[in-house]
Amino acid sequence: QVQLVESGGGLVQAGGSLRLSCAASGRIFSFYVMGWFRQAPEKEREFVVAINWSGGITEYADSVKGRFTISRDNAKNTVYLQMNSLKPEDTAVYYCAASRRNIISARESEYAYWGQGTQVTVSS
């Protein structure tokens, strides 16, 4: 079992930055692929980015490439999402997720554990 708690969300102006954190507890964190998803109002949840257990492999959604950076610190059982050059369309609830598989995936069904989410609001 893995418990995930996100933090770092908030209100920021367009062009600004935020860093989200996801603290994991429970079973060995370093064996999990970690991902970030987001859900905007009245839209389906969508994949943002994922990282493998070592941090050496990442996959980004096209909409955030070059602006967002995922990283992880297995010693701290924490994954981070640095978000730069934020746009109003980045406004959403951001969810951290953990997969028991060793393969990065953008599919929600591959992730067995989810956090409660943290709100990110970007004003224009």
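Model, not experiment: these values are computed from the prediction.
Counting only heavy atoms from C-beta outward, the side chains of Arg67 and Asp90 approach each other to under 4.5 Å. With contacts defined as side-chain heavy-atom distances shorter than 4.5 Å, the pair Arg38/Val64 qualifies.
One finds a salt bridge joining Lys65 and Asp62 here, because a Lys/Arg side-chain nitrogen approaches an Asp/Glu carboxylate oxygen to under 4.0 Å.
Ser85 contributes atom OG, which lies 8.0 Å from atom NZ of Lys87 (distance to the nearest 0.5 angstrom). To the nearest 0.5 Å, atom OG of residue Ser7 and atom CZ of residue Arg19 are 9.0 Å apart. Note that CH2 of Trp53 and CG of Asn102 are 9.0 Å apart. Values are rounded to the nearest 0.5 Å. Atom-to-atom distance recorded for Met34:CE and Thr78:OG1 is 9.0 Å, nearest 0.5 angstrom.
Between Phe37 and Trp114, the ring planes lie tilted relative to each other; the angle falls in the 30° to 60° range.
Although no hydrogens or angles enter the test, the distance criterion places a donor-acceptor pair under 3.5 Å between the side chain of Tyr60 and the main chain of Ile70. A distance-only check finds no donor-acceptor pair linking the side chain of Asn74 to the backbone of Asn77 [under 3.5 Å]. Remark: the backbone N or O of Val33 is not paired with any side-chain donor or acceptor of Ser99 at under 3.5 angstrom. For Thr91 (side chain) and Val122 (main-chain N/O), a donor-acceptor pair under 3.5 Å exists by modelled atom type. Side-chain atoms of Glu6 come within 3.5 Å of backbone N or O of Gly117 as a donor-acceptor pair.
Linking Ile, Leu, Val, Met, Phe, Trp and Tyr residues whenever their side-chain heavy atoms come within less than 4.5 Å leaves Val49 and Val93 in two separate clusters. Two different hydrophobic clusters hold Leu20 and Tyr80 under the rule that ILVMFWY side chains link at heavy-atom gaps under 4.5 Å. Side-chain heavy atoms closer than 4.5 Å link hydrophobic residues (I, L, V, M, F, W, Y) into clusters, and following such links, possibly through other members, connects Leu18 to Val79. Residues Phe47 and Met83 do not share a hydrophobic cluster, clusters being chains of Ile/Leu/Val/Met/Phe/Trp/Tyr side chains in contact below 4.5 Å.
Of all heavy-atom pairs spanning Val12 and Leu86, the tightest one is CG1-CD1, 3.6 Å. Nearest heavy-atom pair, Leu4 versus Tyr113, reported as atom, atom and distance to 0.1 Å: CD1-O, 3.5 Å. When all heavy atoms are compared, the tightest approach of Ala40 to Ala92 is N-CB, 3.7 Å. Considering every non-hydrogen atom in both Arg72 and Ile51, the closest pair reads NH1-O, 3.7 Å. The two residues Gly35 and Tyr111 make their nearest non-hydrogen contact at N-CE2, 3.8 Å. What you find for Arg100 and Tyr32 is that their closest heavy atoms are CG-CE2, 3.3 Å.
Pairs engaging residues 32-72 under the disulfide bond (SG atoms under 2.5 Å apart) rule: none recorded [sequence neighbours left out].
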